There are 2 protein chains.
Amino acid sequence: MRRTPVGRQTRARGIPEATVARLPLYLRALTALSERSVPTVSSEELAAAAGVNSAKLRKDFSYLGSYGTRGVGYDVEYLVYQISRELGLTQDWPVVIVGIGNLGHALANYGGFASRGFRVAALLDADPNVVGSTAAGLPVRHMDELESIVAGQHVSIGVITTPPGAAQQVCDRLVEAGVTSILNFAPTVLNVPDGVDVRKVDLSIELQILAFHEQRKSGEEPEEGPIEEPPVRERTPGPVRAAAAKLRRAAGGKDTKGDSDRQAVLPA
Amino acid sequence: MRRTPVGRQTRARGIPEATVARLPLYLRALTALSERSVPTVSSEELAAAAGVNSAKLRKDFSYLGSYGTRGVGYDVEYLVYQISRELGLTQDWPVVIVGIGNLGHALANYGGFASRGFRVAALLDADPNVVGSTAAGLPVRHMDELESIVAGQHVSIGVITTPPGAAQQVCDRLVEAGVTSILNFAPTVLNVPDGVDVRKVDLSIELQILAFHEQRKSGEEPEEGPIEEPPVRERTPGPVRAAAAKLRRAAGGKDTKGDSDRQAVLPA
DNA sequence: TAGATTGTTAATCGATTAACAATC
DNA sequence: TAGATTGTTAATCGATTAACAATC
């Protein structure tokens, strides 16, 4: 366990992860208020804008310090600054994107990137046909340059948008080169040494979670197959694969969903 | 609170959200094992492949039922089927993608989409210049067709990849048309009625969370400015905006990071 | 039977929430 | 002062984890 020193003055270190994950949401809402020149905001209003409840917001802010004024609310600009600083956004974060396919392209063009301290230091790809093209005005450079770019530009954050098969290998090279934070879009579990953070963004997982809940909305219980035979449970493992796969394919045809009314969220 | 009936036979309903979110990870690891024709796997092995610890995995599986064999492990094919069914992946999920910019394009081409029951029913865009082009072999259709497509193809899942300004409006139309699950890539908080699920994928938020931890790794405490004056706390809100913004810009220049050794994860 | 591994219990930890005293 | 709203407390809830009895 890494132990960070306790704050010298007021605040104790150790902001809960759940709070850290919400700070960007608050910051976004505050930035919108700031652009509308709103001077102050209450926890109730800000919470509504960020999509959380106000008790949670106040608790979250209490980890940062006492930045509000009782009876009044929070000063928008002041809070924007405090949260930005807490998140480390008052400094510049050069980022490399590895794998310039469709997704890498999309990310390179993503506006929100530059807006908050993040700067695309380089786009990298292993494919000679891609290297030399440009994306978002930047040249795509060859993977061979990874190490020198990371070292030369002090890059500590890498984004992986390669095919899944290449992700671990790319990750290893990034870490070896000195990157200590990785945002992984490839559907792969990455193994990294201690001290390296990995976060993942996974479309497929998100869709599957939605499907889980959707299935329940349409009134379907996935427990036992309603009419069809439930797949035979093979107690003795061994040559059961083919049979099980067959069962799975057969079960794939089942679909009571097409009949249900799309509008009815909770049909009887 | 929605109350689902208790399972008729063995299992009680109500799988914890944290467990649901991990089922796709297990499924992916199991699918890889299945492709390698591995017949059985222990909780220890599977947990390692999925990047969790084995106690958690066994607890998770215990919510689904008793699908393992003591002393042996889990039958890979059988478990693939059970988890697929639990997640609702044994049925077909038509999906619409709204907003065919860089990201929408990338998603349309995403292979993992089709692999697990999800099928792109339509690509939609409001821009006449984009409508009629093709992405991933599918024609981009106009937003006007949204309602008829959702109704006609029983679409219950929508993916929003529009600019942030259009997201809520698109969301409203999707919900009105009958969509009850939304995956939102736009950096906007979406308001939806009860019964509609929203999940969000937000690059900017993920990067900010990484930056937070990265800042701590480089030994920097964001508490009080080390040398610079901490920004003046204006107690009386009002015309403080300009001053605070100025302070914020000034503080942006501060950067002790460039000096630190990229390799040293925990410098003293 | 002996060895292996699951499924479950119980303890612990972290996050959420309502309520309200403090205070502007 | 009266009204409003923060910051904090304490209760509750949900998730994680180690340990081990059950059992293949």
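Since the structure is predicted, the reported quantities are computational estimates derived from the model, not experimental observations. Proteins come first, then strands; the chains are lettered A, B, ... in the order of their sequence lines, and each starts at number 1. Below, each value reflects all heavy atoms present in this structure, side chains not excepted, and no hydrogens, waters or symmetry copies.
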What N/O pairs connect the protein and nucleotides 1-4 of chain D at under 3.5 Å? Give each pair on its own line.
none

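- Every residue two or more places apart in sequence or in another chain that forms a salt bridge (Lys or Arg N to Asp or Glu O under 4.0 Å) with A/D197 is listed here: B/K217.
- Taking the side chain to side chain contact (heavy atoms under 4.5 Å, CB included) definition, one finds that A/A47 meets it with A/V52, A/S54, A/L57, sequence neighbours left out.
- Dashed line: the shortest gap from a side-chain N or O of A/S43 to OP1 or OP2 of D/dT6 is under 4.0 Å.
- Residues meeting the salt bridge (Lys or Arg N to Asp or Glu O under 4.0 Å) test with A/R58, sequence neighbours left out: none.
- Applying the side-chain hydrogen bond (donor to acceptor under 3.5 Å, both in side chains) rule to A/Q169 yields no partners; only residues at least two apart in sequence or on another chain are considered.
- Side-chain atoms of A/T31 come within 3.5 Å of backbone N or O of A/L27 as a donor-acceptor pair.
- Within residues 48-61 of chain A, the residues that have a heavy atom under 4.0 Å from DNA chain D are, in order of number, A/R58, A/K59.
- Put simply, the side chain of B/W93 never gets that close to the backbone of B/S156: no donor and acceptor are under 3.5 Å apart.
- Evaluation of the side-chain hydrogen bond (donor to acceptor under 3.5 Å, both in side chains) rule for A/D172 yields A/Q168 as partners, not counting sequence neighbours.
- Counting heavy atoms from C-beta on, the side chains of B/F212 and A/L89 never come closer than 4.5 Å.
- Counting to the nearest Å, the C1' atom of C/dA15 and the CD1 atom of A/I15 are 15 Å from each other.
- Listed in residue order, the members of residues 16-33 of chain A having a heavy atom less than 4.0 Å from DNA chain C are A/P16, A/E17, A/A18, A/R22.
- By the salt bridge (Lys or Arg N to Asp or Glu O under 4.0 Å) test, A/E45 pairs with no residue at all, sequence neighbours left out.
- Atoms OH (B/Y63) and P (D/dG14) sit 11 Å apart, rounded to a whole Å.
- In this structure, A/R28 is not positioned above the aromatic face of A/Y26 in the sense of NZ or CZ being under 6.0 Å from the six-membered ring centre and within 45° of the axis.
- For A/R70, the salt bridge (Lys or Arg N to Asp or Glu O under 4.0 Å) criterion is met by no residue, not counting sequence neighbours.
- Listed by first residue number, the stems of DNA chain C with at least three Watson-Crick or G-U pairs below 3.5 Å are C:3-24 with D:3-24.
- By the ring-ring contact (aromatic ring centres under 6.0 Å, His included) test, A/Y74 is found to be paired with A/F61, residues two or more places apart in sequence or in another chain being considered.
- A salt bridge is defined here as a Lys NZ or Arg NE, NH1 or NH2 lying under 4.0 Å from an Asp or Glu carboxylate O, and A/E86 with B/R216 meets this definition.
- Between the CG atom of A/D75 and the P atom of D/dT5 there is a distance of 15 Å, rounded to whole Å.
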